[in-house]
Amino acid sequence: MRAALELARAELKVAVLSKVFPTRSHTVAAQGGIAAPLANSSEDNWHWHMYDTVKGSDYLGDQDAIEYMCRRANEVVVELEHMGMPFDRLENGKIYQRPFGGHTQEYGSAKMAMRACAAADRTGHAMLHTLYQQNVRTNTQFFVEWMALDIIRDPQDGAVLGVTALEMETGEVSIFQAKATLFATGGSGRIFYASTNAFINTGDGLGMVARAGLPLEDMEFYQFHPTGVYGAGVLITEGVRGEGGYLLNKDGERFMERYAPNAKDLASRDVVARAMTTEIKEGRGCGPQKDHVMLKLDHLGAEVINHRLPGIREIAIKFANADPIRDLVPVVPTVHYQMGGIPAKYTGNVVVPEGNNNESIVPGFYAVGECSCVSVHGANRLGTNSLLDLVVFGKASGEQVIKDARTMPGAHRTLPKDAGDYTRARLARLDSNAAGERVVDVLTDLRRAMQAHCGVFRFPDELTLGVQKIKTIAERAGRTFIKDKSKVFNTARVEALELDNLVETAMATIVSAEARKESRGAQARADFPERDDKNWMKHTLWYKEDNRLAYKPVHLKPMTVEAFEPKKRTY
Amino acid sequence: MEALALHRLKWKCRRGLLELDLVLNEFIEKRLEEKDLKELNELLEMEDNDLWEIVSGRSDRYDAGHGGIVARLRAV
């Protein structure tokens with residue numbers, strides 16, 4: 001929506017397609033805030049922020065893109081404020097800022113930077129509303145409850161000419177022809193069984209890109225949140241451990257004392273998630289399946305739980321049937337954020353290898369946000385950098401589209417004669433199959449296989465077996481059928497189409513993870529526990545065709561400053 | 001129950017928050033009755049965070065006419 005706003009303000013004709021009402025996209029779940037080195041509450045500058053982001057990425061982030069993002073952070077946050085976003089304020093009227101994990105002063109010193117700007121615990125919600133209202137004002141045209149299905153490319157030069165899309169209301173498929181097509185289709189955390197992601201996060205843009213013959217970048221990197229409610233996935237905020245909550249294994253042992261003697265339960269997300277997984281793997285998990293650990297809060301007392309941790313008690317009671325005032329809450333590391341995605345530049349342009357050029361622009365195609373890999377998050381994202389990513393690169397890609405559009409001829413290119421045939425064939429298969437695999441069965445098997453074979457800790461034999469399993473599941477996904485063949489608002493059909501996208505994303509993830517023989521950021525391999533900069537300081541590119549992998553170098557050179565040399569990442 | 005109305009309602013239950021997806025999905029699959037349709041449809045016009053606060057019992061800021069459906073959702 002930030003990109004759409006830029007275009008609409010330039011009086012270009014903009015259509016925004018969305019599966020659900022735009023203010024109900026998953027950005028509403030972002031509570032923590034948006035990072036910007038405004039220095040309202042503590043000394044700060046973009047170069048410190050850049051250092052933290054490069055280090056947080058475990059040196060897989062592209063330093064030019066990171067510099068770009070950090071340098072434009074203040075500008076885009078102030079703009080949001082001017083649009084009316086209700087940020088929390090200081091007494092002097094400036095935007096209030098608070099500390100957040102991984103954000104420091106003076107290049108990783110022990111002093112935390114106050115860098116996160118928030119609108120209570122509803123930052124994402126407030127941002128979506130602000131941007132939606134601005135778009136309404138500028139007459140952006142919204143197509144709500146439309147699902148994009150496939151990309152249309154020019155066979156001559158591969159340029160993207162638009163998409164096919166399904167209108168749920170009628171069941172009809174239309175072609176949207178455009179000079180610029182921008183994806184902001186979000187993540188695909190639903191490929192895992194334990195996921196904090198809403199049901200809509202099915203990696204639709206990623207599936208479309210894979211089917212169009214374009215690669216996906218760094219898909220092995222997913223961030224796990226340590227405390228998702230066992231079985232449901234709903235997130236229990238880090239704040240509970242900040243207030244003194246801690247984790248126990250089946251013996252009632254506070255096991256984090258062994259893994260992180262100083263920080264204990266407050267160690268960084270990946271450290272805690274790995275410790276929990278080790279406990280479970282070694283047979284010290286809780287419950288009949290020994291497949292989770294317990295979060296203890298009861299010693300904090302009702303007062304702290306009710307007042308300092310609003311909403312946590314309700315979540316535990318509803319989804320774990322445990323009242324944290326007296327019960328332990330079962331939790332498990334849960335997939336939260338996808339660092340990889342559609343390979344893009346800081347201008348939003350999608351880039352792919354061609355000949356000797358690793359980053360040749362795909363004309364007419366742009367990607368922003370969780371679906372993209374710019375790559376500012378590298379192998380691990382810092383909290384509050386994702387909302388920043390959306391707004392900075394949303395604006396930047398809008399500016400780029402305007403620039404690119406000015407150099408294009410007035411008329412649209414001619415669509416290939418077979419535009420839309422591929423989509424129609426996919427739908428025809430679903431409409432004609434009278435028997436086959438049930439969508440829900442394939443989906444459940446997919447999510448369980450990803451969880452078992454490509455989780456927090458990755459074991460070589462598990463990965464190899466997992467790749468085989470996902471291949472079998474992909475074949476089954478090609479034989480799905482739906483009972484209900486009706487056209488109007490057929491949600492079964494939509495779910496079958498979403499499954500196709502989840503399958504592509506899962507395949508990209510597990511194949512990329514199996515191939516990367518090192519541990520870096522969110523990828524933790526049992527057989528290669530160390531980061532290997534000599535061999536693996538490079539981005540993965542996965543292609544659907546034959547599950548081919550290619551690699552391209554990380555941009556180690558920032559735009560204007562000295563590079564940050566790789567160091568061991570310790571906190 | 002009319003299939004089309006049910007389908008529409010089902011899609012309206014796809015939300016931005018996993019918490020709501022889980023509760024609404026469970027409700028639709030196992031508890032939905034004809035009499036819920038109108039009230040639930042109206043309630044689903046709310047924003048995700050506001051709706052979750054109501055469903056989870058942290059807020060009572062809902063229209064008087066929606067008391068019935070709110071109670072049924074809270075019981076999920």
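Please read these numbers as outputs of a predicted model, since none were measured by experiment. Here is the naming used below: chain letters follow the sequence lines, and residue numbers restart at 1 for every chain.
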Participant: Select one option (side chain, backbone, both, neither) describing which atoms of A/Val229 are under 4.5 Å from chain B's heavy atoms.
Facilitator: neither
Participant: Should we count CG of A/Asn321 as having more than 12 external heavy atoms under 6.0 Å?
Facilitator: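 Check fails, neighbour count at 12 or below.
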Participant: Any ion pair linking A/Glu169 and B/Arg8 (charged N to carboxylate O, less than 4.0 Å)?
Facilitator: yes
Participant: Could you tell me whether a side-chain N or O of B/Trp11 sits under 3.5 Å from a main-chain N or O of A/Val20, the two making a donor and an acceptor?
Facilitator: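 No: the side chain of B/Trp11 does not pair with the backbone of A/Val20.
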Participant: If every non-hydrogen atom of B/Leu73 is compared with every non-hydrogen atom of A/Lys318, which pair is closest and at what distance?
Facilitator: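 Nearest pair, atom of B/Leu73 first, then A/Lys318: O-NZ, 3.9 Å.
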Participant: Side chain from CB out, backbone as N, CA, C, O: work out which of these in A/Phe319 comes under 4.5 Å of a heavy atom of chain B, or both, or neither.
Facilitator: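 Just the side chain, heavy atoms under 4.5 Å.
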Participant: Counting only non-hydrogen atoms closer than 4.5 Å, does A/Thr23 touch chain B with its backbone (N, CA, C, O), its side chain (CB onward), both, or neither?
Facilitator: both
Participant: Pick one of side chain, backbone, both or neither for A/Asp484, based on which atoms fall under 4.5 Å of a heavy atom in chain B.
Facilitator: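 Contact with chain B involves the side chain of A/Asp484 alone.
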Participant: What distance do B/Leu51 atom CG and A/Arg24 atom CZ have between them, rounded to the nearest 0.5 Å?
Facilitator: 9.0 Å
Participant: Quick one: which of B/Asp50, B/Asn49, B/Asp48 gives a side-chain hydrogen bond (donor to acceptor under 3.5 Å, both in side chains) with A/Arg122?
Facilitator: B/Asp50
Participant: Mind checking whether B/Trp52 and A/Ile315 have side chains closer than 4.5 Å, heavy atoms only?
Facilitator: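 Counting from C-beta outward, B/Trp52 and A/Ile315 do come under 4.5 Å.
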Participant: What is the distance from atom CZ of A/Arg313 to atom OG of B/Ser56, rounded to the nearest 0.5 Å?
Facilitator: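 The CZ atom of A/Arg313 sits 12.0 Å away from the OG atom of B/Ser56.
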Participant: Identify the heavy atoms of A/Asn490 and B/His7 that sit nearest to each other, and give their distance.
Facilitator: CA-ND1, 4.4 Å
Participant: Can you see which heavy atom on A/Pro310 is nearest to which on B/Arg58, and at what distance?
Facilitator: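 Looking at all heavy atoms of both residues, the closest pair is CB-NH2, 3.4 Å.
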Participant: In terms of heavy-atom contacts, does OH of A/Tyr193 have more than 12 from other residues, nucleotides or ligands at under 6.0 Å?
Facilitator: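 12 or below, so no.
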Participant: Using a strict threshold of under 4.0 Å (side-chain N to carboxylate O), is an ion pair present between B/Arg14 and A/Glu145?
Facilitator: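 Salt bridge flag = no for B/Arg14 with A/Glu145.
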Participant: For a quick test of reading the model, state the closest non-hydrogen atom pair linking B/Asp21 to A/Phe199 and the distance between them.
Facilitator: OD2-N, 2.6 Å
Participant: Might you point out which heavy atoms bring A/Ala198 and B/Gly16 nearest each other, and give the distance in Å?
Facilitator: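 It is CB-O, 3.6 Å.
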Participant: Roughly how far, to the nearest 0.5 Å, is NE2 of A/His26 from CZ of B/Arg15?
Facilitator: 14.0 Å
Participant: Please report the closest heavy-atom contact between B/Leu18 and A/Ser195, naming both atoms and the distance.
Facilitator: CD2-O, 3.3 Å
Participant: For the side-chain contact (heavy atoms from CB on, under 4.5 Å) test, which of B/Leu9, B/Leu6, B/Leu4 pairs with A/Phe489?
Facilitator: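 With A/Phe489 as partner, B/Leu9, B/Leu6, B/Leu4 yield a single side-chain contact (heavy atoms from CB on, under 4.5 Å), made by B/Leu4.
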Participant: If I take atom CD from residue A/Glu314 and atom CD from residue B/Glu19, how far apart are they, to the nearest 0.5 angstrom?
Facilitator: 11.5 Å
